[in-house]
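Step one of this worksheet: look at the structure below.
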Amino acid sequence: MTIDNRIELVPEPDELVFKDHIRTPMYDDAALFDAEMDRIFKKTWVWVAHESEIPDKGSFKLSQVGRDPVIVVRDRKGRIHVMINRCRHRAATVCEVKQGKTASFQCPYHGWGYGLDGSLRALPYPEQYGDDFDKAQHGLLKLRTESYAGMVFATFNEEVEPLVEFLGPVTKWIDLFMKQGAGYPVKAIGEHQFSVPMNWKIQLENTTDAYHFPVVHKSFLQSLDDETEEVFSFLEQGKGYVEDLGNGHSVMVMIPELVDLEDNLDAPIPERFQTLAQELRDEGHDDQQVRRIVRAVGGAGFNLNLFPNVSLSLAFFRVLTPVNVGCTDVRHIAIGMDGGPDAANRARLRLHEHFQGPMGFGSPDDAEVWERIQRGVQGGAELPILINRGLEDEQPGEAGPRGHISAETGMRAAYDMWKRMMQS
Amino acid sequence: MTDTRNDSLLWSAQAFIWAEADMLDRRDYEAWLALWRDDGFYTLPIGDTQDFDNALNLCHDDAHMRRERIKRFQQGFSISSAPPARTIRTLSRFVIEATEGDDVRVRCAEHLIEDKFGRQRIWAADLTYTLTVTPDGFKIRHKVARLLNSDGMLNSFSYLF
Ligand code: FES
Ligand SMILES: [Fe+2]
């Protein structure tokens with residue numbers, strides 16, 4: 001859909017988002033959802049992959065940009081391409097393998113063949129197309145693609161600012177987050193996928209919402225040893241904060257001591273990592289290296305939420321895909337140290353399983369309360385949904401307004417951007 | 001098969017696994033915990049992986065994590081398990097894969113229907129058990145529940161497979 005035939009929205013975006021509250025249609029208006037797919041997901045940078053998911057020449061994975069299924073692929077020169085998974089002849093998907101390695105993509109219907117860069121290479125019996133048929137005009141539809149620190153983003157919008165500008169102050173936080181490689185490259189090592197009957201923005205809001213943590217995740221907290229439970233009681237300790245990083249992005253610092261994983265390497269090794277530390281010593285890592293790896297295994301002390309679809313959350317990547325106004329797919333991608341000690345990566349896998357995914361001690365409770373919101377907005381449509389928590393105490397931070405750790409500053413940041421994009 | 005020894009092994013393994021399935025549907029988790037060896041693992045893998053320790057699983061529980069998981073179900077602080085979805089499952093197509101020393105490997109098919117919020121969802125899984133014969137009957141050394149769509153888009157689970 002182009003600007004010219006854009007849908008009339010009733011109500012308009014500025015009647016839905018206010019400084020201190022949003023209105024019910026935000027979660028359950030199907031026409032609004034269609035407009036969001038158009039004005040947000042077709043207009044800005046959308047995360048599609050981590051480079052480690054397509055490590056070699058010819059490696060590819062399937063992904064989504066809003067509702068559009070795409071192929072993310074690395075060509076022979078190592079360049080990454082993102083293209084719509086739709087044959088230019090009569091629209092069949094050219095790939096139905098979720099992840100793999102190939103030399104080309106061949107459409108199964110009439111055999112049109114595409115290169116790793118999406119260009120149309122060959123088609124059976126070309127004679128009937130005549131001389132003016134231009135293969136160069138019939139490559140797979142490609143999106144603009146840029147990466148930062150291994151995070152691959154794509155956009156339909158040729159006019160949008162370069163990715164690093166869109167990220168702005170976020171880049172510093174991504175750099176800090178990637179320190180959990182402990183000197184090894186960060187690598188995706190598996191993912192949990194679950195679908196939740198909720199609007200996508202309910203997930204968008206959650207990553208920098210510390211307020212829910214002690215309530216929703218009480219059963220997770222209770223499954224931890226005392227020392228670790230103390231670390232995760234960041235709301236009571238109140239040392240952290242949430243900051244608006246511009247363009248809808250925000251960061252929630254939960255454990256300030258763990259913001260920079262290369263600091264405080266002399267801090268005592270927590271009890272829960274003693275066995276791992278010993279394993280690493282036995283493998284011949286020196287004391288400094290053991291401390292660095294062990295500290296990295298626990299993850300960073302903050303959640304970074306990027307508008308509109310990805311977050312770097314403590315120790316994993318969270319990706320959301322809007323399906324329809326009341327359904328969102330969520331992926332929790334586990335990350336590890338590429339070429340790092342197996343024992344360290346095993347520890348990270350077990351930590352990921354402990355909280356995340358369909359059988360984690362955390363995610364199912366998140367999914368339940370998110371669904372409760374979607375069920376709740378079926379009643380009392382005239383009531384506001386509050387996003388005013390911590391507004392009183394907000395101070396200027398390094399990049400934007402900074403609020404109490406449990407403030408709804410991150411939601412306000414996301415909805416500012418939402419409004420800006422929906423109105424432009 | 002006319003081998004009566006194998007027939008009776010198949011029968012007793014089946015009876016044990018059916019009893020376990022009944023415990024899970026009734027959420028008789030204390031009884032379920034007692035079915036295990038201390039060094040046993042309960043695993044829901046993703047995809048076709050066999051190297052569970054070095055792969056991401058949906059869960060890969062040793063005795064400690066099994067107890068914590070059951071505590072979480074029972075203590076009432078986990079909103080997704082208070083109340084949980086209710087389940088009805090059937091197990092069938094039992095095959096004895098191998099016997100080795102005191103261990104028997106059995107596989108079977110599981111169909112499970114869950115109900116919550118007036119909505120039913122259906123799941124299918126291949127179950128593989130390694131059971132140890134002890135004087136007190138079978139004990140579970142390893143149970144692997146591999147969902148048919150384990151590497152696809154799932155929902156969250158407030159029960160066990
Ligand atoms: S639809 Fe792809 S070749 Fe015809
Ligand atoms: Fe949560």
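Quick note on labels: first sequence line is chain A, next is B, and so on, each numbered from 1.
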Toward chain B, the part of A:D365 with a non-hydrogen atom under 4.5 Å: both
Given that the side chain runs from C-beta out, which part of A:R348 has a heavy atom under 4.5 Å from chain B: side chain, backbone, both or neither? neither
Within 6.0 Å of [atom1] in [X], more than 12 heavy atoms from elsewhere:
X      : atom1 : value
B:L33  : CG    : yes
B:R26  : CZ    : yes
A:D282 : CG    : yes
B:R121 : CZ    : yes
A:D226 : CG    : no
A:K61  : NZ    : yes
A:Y211 : OH    : no
B:D48  : CG    : no

Within residues 317-327 of chain A, which positions have a heavy-atom distance to chain B below 4.5 Å? none
Within residues 356-363 of chain A, contacts to chain B at heavy-atom distances under 4.5 Å involve A:P358, A:M359, A:G360, A:F361
If we only count heavy atoms from C-beta on, is the A:F220 to B:E68 side-chain gap below 4.5 Å? no
Checking heavy atoms, do the side chain of B:Y159, its backbone, both or neither come under 4.5 Å from chain A? backbone
Derivation and outcome, side chain to side chain contact (heavy atoms under 4.5 Å, CB included), residues A:R350 and B:N57: CA-CA 9 Å; A:R350 298 295 88 80; B:N57 306 286; 3.3 Å; yes
For each of [options], tally heavy-atom pairs with chain B at distances under 4.5 Å, and name the one with the top tally.
options                       : result
A:P364, A:G336, A:G190        : A:P364
A:S223, A:S195, A:A334        : A:S195
A:H352, A:E191, A:K98, A:R375 : A:R375

Step by step, would you call A:H217 with B:F77 a side chain to side chain contact (heavy atoms under 4.5 Å, CB included)? CA-CA 8 Å; A:H217 301 306; B:F77 297 120; over 6 Å; no
Measuring from [X]:[atom1] to [Y]:[atom2], what's the distance to the nearest 0.5 Å?
X      : Y     : atom1 : atom2 : result
A:R346 : B:F52 : CZ    : CZ    : 15.0 Å
A:I335 : B:L56 : CD1   : CG    : 12.0 Å
A:N345 : B:N54 : CG    : CG    : 8.5 Å

Would a distance-only check, ignoring hydrogens and angles, find a side-chain to backbone donor-acceptor pair under 3.5 Å from A:E353 to B:L58? no
Donor-acceptor contact present, side-chain B:R72 to main-chain A:Q222, <3.5 Å: no
If you take all heavy atoms of [X] and [Y], which pair is closest and at what distance?
X      : Y      : value
A:P197 : B:R119 : CG-NH1, 3.6 Å
A:Q193 : B:D151 : NE2-O, 2.8 Å
A:V330 : B:M153 : O-SD, 4.1 Å
B:S156 : A:A367 : OG-CB, 3.8 Å

Counting heavy-atom pairs under 4.5 Å to chain A, which of [options] comes out on top?
options                    : answer
B:A55, B:S158, B:C59       : B:A55
B:Q75, B:R69, B:K71, B:H60 : B:R69
B:D53, B:L44, B:I46        : B:D53

Taking 4.0 angstrom as the limit, do B:K116 and A:E371 come out as a salt bridge? no
Intermediate values then yes/no, side chain to side chain contact (heavy atoms under 4.5 Å, CB included), A:V369 and B:I79: CA-CA 8 Å; A:V369 291; B:I79 183 70; 4.0 Å; yes
